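See below for the structure under consideration.
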4 protein chains.
Amino acid sequence: MARTINKNVKQDILKSVEELVAKIGVNSISLGDIAKKCDISKGTLYYYYSSKDDIIFDIIVKHVKELEEEYLEWIERHKEDLTPERFLSVIFNKGVKLFDRAKMHIFLINECIKGNDILRDKFNELWFAWQKKLEVGVLQAFKDIEDAESFAYLLMLIIDGLAIQEVMQGKFIGDDKLIEVVKKIGEKQC
Amino acid sequence: MARTINKNVKQDILKSVEELVAKIGVNSISLGDIAKKCDISKGTLYYYYSSKDDIIFDIIVKHVKELEEEYLEWIERHKEDLTPERFLSVIFNKGVKLFDRAKMHIFLINECIKGNDILRDKFNELWFAWQKKLEVGVLQAFKDIEDAESFAYLLMLIIDGLAIQEVMQGKFIGDDKLIEVVKKIGEKQC
Amino acid sequence: MARTINKNVKQDILKSVEELVAKIGVNSISLGDIAKKCDISKGTLYYYYSSKDDIIFDIIVKHVKELEEEYLEWIERHKEDLTPERFLSVIFNKGVKLFDRAKMHIFLINECIKGNDILRDKFNELWFAWQKKLEVGVLQAFKDIEDAESFAYLLMLIIDGLAIQEVMQGKFIGDDKLIEVVKKIGEKQC
Amino acid sequence: MARTINKNVKQDILKSVEELVAKIGVNSISLGDIAKKCDISKGTLYYYYSSKDDIIFDIIVKHVKELEEEYLEWIERHKEDLTPERFLSVIFNKGVKLFDRAKMHIFLINECIKGNDILRDKFNELWFAWQKKLEVGVLQAFKDIEDAESFAYLLMLIIDGLAIQEVMQGKFIGDDKLIEVVKKIGEKQC
DNA sequence: GATGAATGAGTTTTCATTCAT
DNA sequence: AATGAATGAAAACTCATTCAT
């Protein structure tokens, strides 16, 4: 019998899992939790996904795609007045935090490094694609930048670092100070 | 009265767990695995530690302490010729990576954010203490630095970001480029 | 090697176990708990007692003996003015409750019926001996009593029933009412 | 493995647990024992009940409800000729004993007092409800009774006491004598 | 398409008991 | 006389997965 997959059910599942992952992490959610949240049976879950890993894979793709899309949208809206401050502000202050996905971000990374190479490679691929798009924004915001690629890379590191800070609820020095420091990199020097 | 715990067994356990955590992550190791690796019974494990969390707690303390110690040692050895390049090099290239603890670092963070507040607060406390020590190094390496605190904070973010990169085996742009970029922050500008 | 048993240590153990049993029940206390409360090692515990059951056995003997002694002492003190009310009052209101041992009483009974026949027979033997002594008190308090034996037996049932009420924290009707009801049994009727 | 669909799995479990509890007590039965007796897996047990306490809770409700029902049925059948003797006889001789549940009764009480307040309150609630129904029987059997409430309470104490006697296999004086003694309470006095 | 009963291998944890010192 | 390190068997509980319906 050929399977006819109902897209709506799949999306329902993903949305529910996303919420659960963001709350309690990948390892802590059981398929029972997911089924209950979706108001479907565990059997149905297995009709749409062949394993728990399968679900997580889809979540990762969705997560990075959404981060990217929301970023691109923002850049598009502000392309006229893209000052370094505003650019860095959206990256830092609103970056992973804006989308309220810091926790999921870290949880997913953790899942990737537990041994699932396919998952990890997919995440890296998507992450790298985003970095390339970040470069475009960097060039727009910092006219005099010398090495936009390295700068974009640095921003990605900082985003990951901030995600960790966010989930760890560490002492944050404040956006203004952070922006002030990083801004210098893109500015002309003597 | 006062229990004299066999230090060797406790250290044996910690070392084994460290290796296992670095290999397969906190959630993936069972107490059975640990006991087998140490060649002791599960009962003995509980003689030394009252729970799995207890063990992880000790691991975290050990992990951050060691990172700190090795860093301080390095700074001490190089205090005569602490150029910005060398300083950033040890932080970035050798930071978490040097000690081959990136994976454990991320795994431990993940463990912290799963809901164990005590664990998380301890990690934050230790991490903040290290940041303060980093500030001292920053001041030594960058004579003209304006805001050493923010810079040290940035470095911590980058270290976390690099740890993620390391465990995810993402495309790394190379230390030289990264150092070049970050160095600018500490330099005088027009 | 002949064992030289230190009476004081044994008494220390018994006292501690008694307190623990009264608080959390026989099954819930571990030898570790006992050792900690006595401030001795588990090994020492095994020097004085060959098993957990051994300890419980001693506790039971001590428990019933003390109940009996305190009762006899009280009867002796009040033999001059032993009204039915006072007698029933001490049996009911102060019976098991007086000695604050209701919980232990029930816990011990439970232990006995779990399969340990030796324990059970010992308890019964002691309990029956006490019943016989109760009969003497009954005869003193109720001059016109017809069947003192049955009455004493009834009192034993009530004491057990009250012990259960006590530990279950059920709704108690009040001593006065209970005394009033039971008193009738011992009184002349038309 | 042959999967035999059993619609009455929950009832099977309860019945098996009841038998085991009556035989060896609550603490002594493991979920493994139960599963084996029901010929199901431990997993299945947890499919129907979320914990051991959950099972015991159901057992308690069932136990008290059944005691009550059988008593009410009996009263209904004998309402025409409810002499004091017959009434007391069914309460004492057949009360807890009749239904062969004395052991379970005590075991359940013991479970309640070990710290499980919810269990205890439930038991008390049910027990009190039964006492109220006993009062009705008392009024029917003893026309001249003054304080039916206290008398019913006394009967409850005696039932508990008899349950203990039963499980402890103590020396029983005989129903006739006990009935004779208690009967006096309900009779007119000078 | 969808279900939910059933599973079994896995997990963490407890604890009475032993024994060399 | 006393200890405490070590154990192993058993406990309660979890959960991804299967499959007949």
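As the structure is a computational prediction, the values presented were derived from the model and not from experiment. The sequence lines fix the lettering, A, B, ..., with proteins before strands; numbering per chain opens at 1.
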Quiz item: So do Ile60(D) and Cys112(D) actually touch side chain to side chain, heavy atoms under 4.5 Å?
Solution: yes
Quiz item: Between atom CD1 in Ile56(B) and atom C1' in dT11(E), what is the gap in whole Å?
Solution: 14 Å
Exercise. Indicate the ring-plane relationship of His105(D) and His63(D), choosing parallel, tilted or perpendicular according to the 30° and 60° boundaries.
Key: tilted
Quiz item: Between dT12(E) atom P and Ile55(B) atom CD1, what is the distance in whole Å?
Solution: 9 Å
Quiz item: So, Lys62(C) and Glu66(C), do they make that salt bridge, N to O below 4.0 Å?
Solution: yes
Quiz prompt | Enclosure of Lys15(D) NZ (heavy-atom neighbours >12, cutoff 6.0 Å) | solution = no
Practice problem: Of all the heavy-atom pairs spanning Lys52(B) and Val26(B), show the shortest one and how long it is. | Solution: NZ-O, 3.3 Å
Quiz item: Distance check: side-chain N/O of Tyr47(C) vs OP1/OP2 of dA1(F), anything under 4.0 Å?
Solution: yes
Quiz item: Once you round it to whole Å, what is the distance between P of dA6(E) and NZ of Lys10(D)?
Solution: 13 Å
Quiz item: Rounded to whole angstrom units, what separation is found between the CG atom of Asn27(D) and the P atom of dA12(F)?
Solution: 10 Å
Practice problem: Please report, rounded to the nearest Å, how far the P atom of dA16(E) is from the CG atom of Asp54(C). | Solution: 14 Å
Exercise. Starting from P on dT7(F), measure out to CG on Leu31(B) and report it in whole angstrom.
Key: 15 Å
Quiz item: Is it true that a side-chain atom of Asp58(A) and a backbone atom of Ile55(A) form a donor plus acceptor pair closer than 3.5 Å?
Solution: no
Quiz item: dT12(E), dC15(F), dA16(E): which one has an atom nearest the side-chain heavy atoms of Ser30(A)?
Solution: dC15(F)
Quiz prompt | Tyr49(A) six-ring face occupied by Lys10(A) cation (under 6.0 Å, within 45°) | solution = yes
Practice problem: Keeping the roles fixed (side chain from Thr44(B), backbone from Ile40(B)), state whether a donor-acceptor pair exists under 3.5 Å. | Solution: no
Self-check item: Gap separating the CD1 atom of Ile29(C) from the CD atom of Glu19(C), nearest 0.5 angstrom
Solution: 11.5 Å
Quiz prompt | Selection from dA1(F), dC13(F), dT18(E) that lies nearest to any side-chain heavy atom of Tyr48(C) | solution = dA1(F)
Quiz item: Which comes earlier along DNA chain F counting from the 5' end, the contact point of Leu45(B) or that of Ser51(D), where each point is its nearest nucleotide?
Solution: Leu45(B)
Exercise. Dot-bracket for DNA chain F, please, read 5' to 3', with Watson-Crick or G-U wobble pairs under 3.5 Å on both distances, ( ) within the strand, [ ] crossing, | other strand, . unpaired.
Key: .||||||||||||||||||||
Quiz item: Between dA16(F), dA16(E), dA12(F), which nucleotide gets closest to the side-chain atoms of Tyr46(C)?
Solution: dA16(E)
Self-check item: Those residues of residues 32-44 of chain D lying under 4.0 Å from DNA chain E by at least one heavy atom
Solution: Ile40(D), Ser41(D), Gly43(D), Thr44(D)
Quiz item: Given atom CD1 of Ile13(C) and atom C1' of dA1(F), what is their separation to the nearest angstrom?
Solution: 12 Å
Exercise. Report the residue (Lys52(B) or Asp53(C)) whose heavy-atom-nearest nucleotide on DNA chain E is the more 5′ of the two.
Key: Lys52(B)
Exercise. Classify the nucleic acid contact of Ile29(B) as base, sugar-phosphate or nothing, counting any heavy atom under 4.0 Å across all strands shown.
Key: sugar-phosphate
